[in-house]
Amino acid sequence: MNHTRFLSLLLVLLLLTSCGTTPAQEETSTIFAMDTIMQLSVYGKNGQEALEQASAYIWQLESLLSTTNTGSEIYAANQSAGKPVALSDDTAALLRRSLELCRETDGALDISIYPVICAWGFPTDEYRVPEETELSSLLDRVDYTQIRLEDHTLTLPAGMEIDLGAVAKGYTGDRIMDLFRNSGLSSALISLGGNIQALGAKTDGTPWRVAVLSPEGDGYAGVLEVEDRAVITSGGYERYFEQDGQTYWHIIDPDTGRPAESGLVSVTIVSESGVLGDALSTALFVMGKDRAVRFWRERTDFDFVLIDKEGTVTISEGIADSFSLYEDWQDHKLEVISR
Ligand code: AMP
Ligand code: MG
């Protein structure tokens with residue numbers, strides 16, 4: 001993510017907190033973790049202590065889940081050469097839920113995609129366009145159905161490598177919301193690299209206003225009013241490189257090993273669960289609009305904002321009353337999908 005985008009994310013938070021009356025007893029904290037900027041804002045008593053605990057928890061999760069930190073459990077699993085690896089409660093819980101979501105999305109989410117992600121150079125920023133033959137041989141190692149998780153023991157086939165980058169921030173947000181609730185807080189807003197999670201409403205009782213970034217550059221496409229929800233976006237614009245006039249982004253279609261070209265450029269999921277929203281934002285980006293709409297019709301646990309490359313905005317009916325196009329986006333087409 002470039003610096004302009006970081007600034008934009010900070011501005012999203014400013015937009016959110018500057019609307020309505022200034023809440024009492026606000027405590028905020030900004031940290032850099034999981035390769036992104038995280039902003040936490042809490043309101044009410046015990047806020048400072050809760051923020052300190054939340055930061056410590058984020059560092060702990062990062063140290064368990066990072067693919068590049070040589071002390072992490074995921075790093076150990078990726079080096080395990082077919083041998084079983086013992087996992088902590090958090091890693092085991094996230095992995096179990098991730099595997100369910102890989103199945104539910106029929107492999108649009110596939111956490112074993114890591115060798116392909118590496119071939120494109122995303123973890124190191126040493127970008128390159130791999131040859132088709134290289135991609136097809138790497139795809140032989142991508143198959144989440146071969147991951148064995150029994151209680152706290154993970155066994156990967158030799159050569160398989162996993163990456164929880166598509167789900168880790170959503171899981172982290174869920175755990176922080178639990179921590180805030182257990183600290184007696186009833187109003188908080190966090191942005192984990194643009195993944196927004198809201199606890200309760202603002203202290204004046206009105207909903208949080210959360211911006212959906214414009215995929216076309218700076219600024220916003222829309223605004224959502226939410227309470228007690230995760231608002232999680234996957235965008236092609238979040239991490240990408242350009243070569244020979246082509247843009248290559250970090251969301252990979254596990255069927256092709258290439259950046260997903262589904263016609264969508266941004267997918268926002270609104271859900272109670274952060275890990276669900278995070279998994280589905282990535283998976284629906286891969287699925288494309290038609291398959292995403294069919295998938296949504298089979299479930300009741302999320303709503304969506306899809307933006308396609310023509311700039312059309314498609315939302316599900318559950319958020320029709322809480323979503324509006326942002327000022328500069330008023331002339332874009334807005335379509336509401338019903339059940
Ligand atoms: P997100 O920003 O949540 O959409 O997650 C994107 C990150 O997830 C990428 O940077 C990769 O590390 C990883 N990733 C990309 N494509 C997939 C996929 N189809 N399934 C699982 N993880 C993916
Ligand atoms: Mg995701």
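Note that ligands are numbered from 1 as they come in the structure, with each ligand's atoms numbered from 1 the same way.
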Sub-3.5 Å N/O-N/O distance, [X] and ligand 1:
X      : answer
Asp163 : yes
Ile111 : no
His250 : yes

Could you list the atoms of ligand 1 found under 4.0 angstrom from a heavy atom of [X]?
X      : value
Ile117 : 11 (C), 14 (N), 15 (C)
Ile251 : 4 (O), 15 (C), 16 (N)
Pro254 : 19 (N)
Ser234 : 1 (P), 3 (O), 4 (O)

Discussion item. With rounding to the nearest 0.5 angstrom, report the OG to CE distance, Ser29 to Met38.
Written reply: 11.0 Å

Quick one: do the [X] and [Y] side chains pair a donor with an acceptor below 3.5 Å?
X      : Y      : answer
Tyr326 : Asp328 : no
Ser88  : Thr91  : yes
Gln146 : Asp143 : yes
Asp90  : Tyr57  : yes
Thr68  : Ser66  : yes

Heavy atom of the protein closest to [atom] (residue, atom name, distance):
atom                    : result
atom 1 (P) of ligand 1  : Thr282 OG1, 3.3 Å
atom 16 (N) of ligand 1 : Ile252 N, 3.0 Å
atom 23 (C) of ligand 1 : Ile113 CG2, 3.7 Å
atom 5 (O) of ligand 1  : Ala166 CA, 3.4 Å

Item to complete: Using a 4.0 Å heavy-atom threshold (strictly under), name the region of Leu109 that reaches ligand 1: side chain, backbone, both or neither.
Response: both

Worksheet item: At under 4.0 Å between heavy atoms, which part of Ala108 makes contact with ligand 1: side chain, backbone, both or neither?
Response: backbone

Item to complete: For Ala50 and Ser183, work out which heavy atoms get closest and say how close.
Response: CB-OG, 3.8 Å

Discussion item. Out of Asp110, Thr67, Thr233, Ile162, who is nearest to atom 21 (C) of ligand 1 when you count heavy atoms only?
Written reply: Asp110

Item to complete: Look at the aromatic rings of Phe304 and Phe302 and report parallel, tilted or perpendicular, splitting at 30° and 60°.
Response: tilted

Worksheet item: Same cluster or not: are Val286 and Val293 linked, directly or through other Ile, Leu, Val, Met, Phe, Trp or Tyr residues, by side-chain heavy atoms under 4.5 angstrom apart?
Response: yes

Discussion item. How wide is the angle at the Mg ion (ligand 2) spanned by Ala166 O and Thr282 OG1, rounded to 10 degrees?
Written reply: 100°

Worksheet item: So, Arg103 and Glu100, do they make that salt bridge, N to O below 4.0 Å?
Response: no

